[in-house]
Amino acid sequence: MSDIIINKRQLFAGTAAVAGIAAGGLAGARPALAKADMVDAQVPGLHRMNVGEIQVTAVLDGFLDIPTAMFPKADAEGVAMLQKQAFKPVGETVRGSVNTYVVNTGDRLILIDSGGGGLMGPNVGKLHANLEAAGIDPSAIDTILVTHLHIDHVGGLYTPEGSALFPDAEMVVSEADVGFWSNNEIMAKAPDNAKGFFTIAQDALKAYEGRIKTISGEADVAPGISAMPLPGHTPGHTGFVISSGDDSLFVWGDIVHSAALQFARPDWSIAFDIDQDAGAATRKKVFDMTATDRLTIAGMHLPYPGIGHVAQASEGYAFVPEEWQYKL
Ligand SMILES: [Zn+2]
């Protein structure tokens, strides 16, 4: 081993030599670079991390460009300032990732949410291709934990014909969400452009009929995983806490839709938050708890892989993304 260890002095000498070559104009002696085509797609959207003895894979489904007008309390000036601060283009949309997570406990294989499937245009619906790239067979998934029954979380669970894409999985979802989205009286009173949310939730439930487990409160949903009610975004919106040994990961669903805007302004609920005030109150409570307890969190619309920490900032909070996991 020792003969290949380069000490600092050798390294600097080497650097100087390289600099000399460059300055000496040896360009003519440079080997020709192989030409390579530009590529118009990323590598598969997969990122693994260990939580104690449990392995969590963030599986990308795609992204959404969310109109800033969807944040009713946000003012144009404040939005522009935060977009600039986040080094994002100042404009009328903010980009949100659509993330899902596969949890391997060793003897259970669990999917948390499923992205939008074929229901939301070409930028989403990559879950199944990315699962394949990860070597995960959908029929090996035994449990699907659903944070809530919105299209971008359950659209990837079933085919356009209505059959389950995870043939051997049990769906675990909050009783409150099932009650709300299955209620045709509430649906009848909803604005026309919101009725689709109800039919999609009902289609997803129908595809898994007979193998749906409803939960309420802080239920244990699998070994090492417990549910945490986070009402506001939907009545039964639920987070899942994955724990093993001293390690934990809090998958918080849709606490945040735009990292650029909502960490600084937790009061800016998105129009999809069914109860705007409850959504903001839950967001603030979760930010306070996760920042104080220094938890590792994962979010469905945080920049992929959507894993990181919440830090207190001079104004509101800030997202501190977790690094690439160099070693598993
Ligand atoms: Zn969502």
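FYI, side chains are in, hydrogens and waters are out, and symmetry mates aren't considered; it's all heavy atoms of this structure. Predicted, not measured: the structure shown is a model, and the values here were computed from it. When a ligand or atom number is given, it counts from 1 through the structure's own listing order.
- For the ring-ring contact (aromatic ring centres under 6.0 Å, His included) condition, the pairs that include at least one residue of residues 94-133, sequence neighbours left out, are H128-F166.
- Scored by the side chain to side chain donor-acceptor pair (under 3.5 Å) test, E132 finds no partners at all (sequence neighbours excluded).
- Other residues, nucleotides and ligands contribute over 12 non-hydrogen atoms within 6.0 Å of the CD atom of Q325.
- D142 pairs by the salt bridge (charged side-chain N to carboxylate O under 4.0 Å, His left out) definition with R108, not counting sequence neighbours.
- Atom NZ of K88 has 12 or fewer heavy atoms from other residues, nucleotides or ligands within 6.0 Å.
- Listed by chain and number, the protein N, O or S atoms at a distance under 2.8 Å from the Zn ion (ligand 1) are D152 OD2, H153 NE2, D254 OD2, H301 NE2.
- No close placement of the H148 and W181 rings is indicated, their centers lying 6.0 Å or farther apart.
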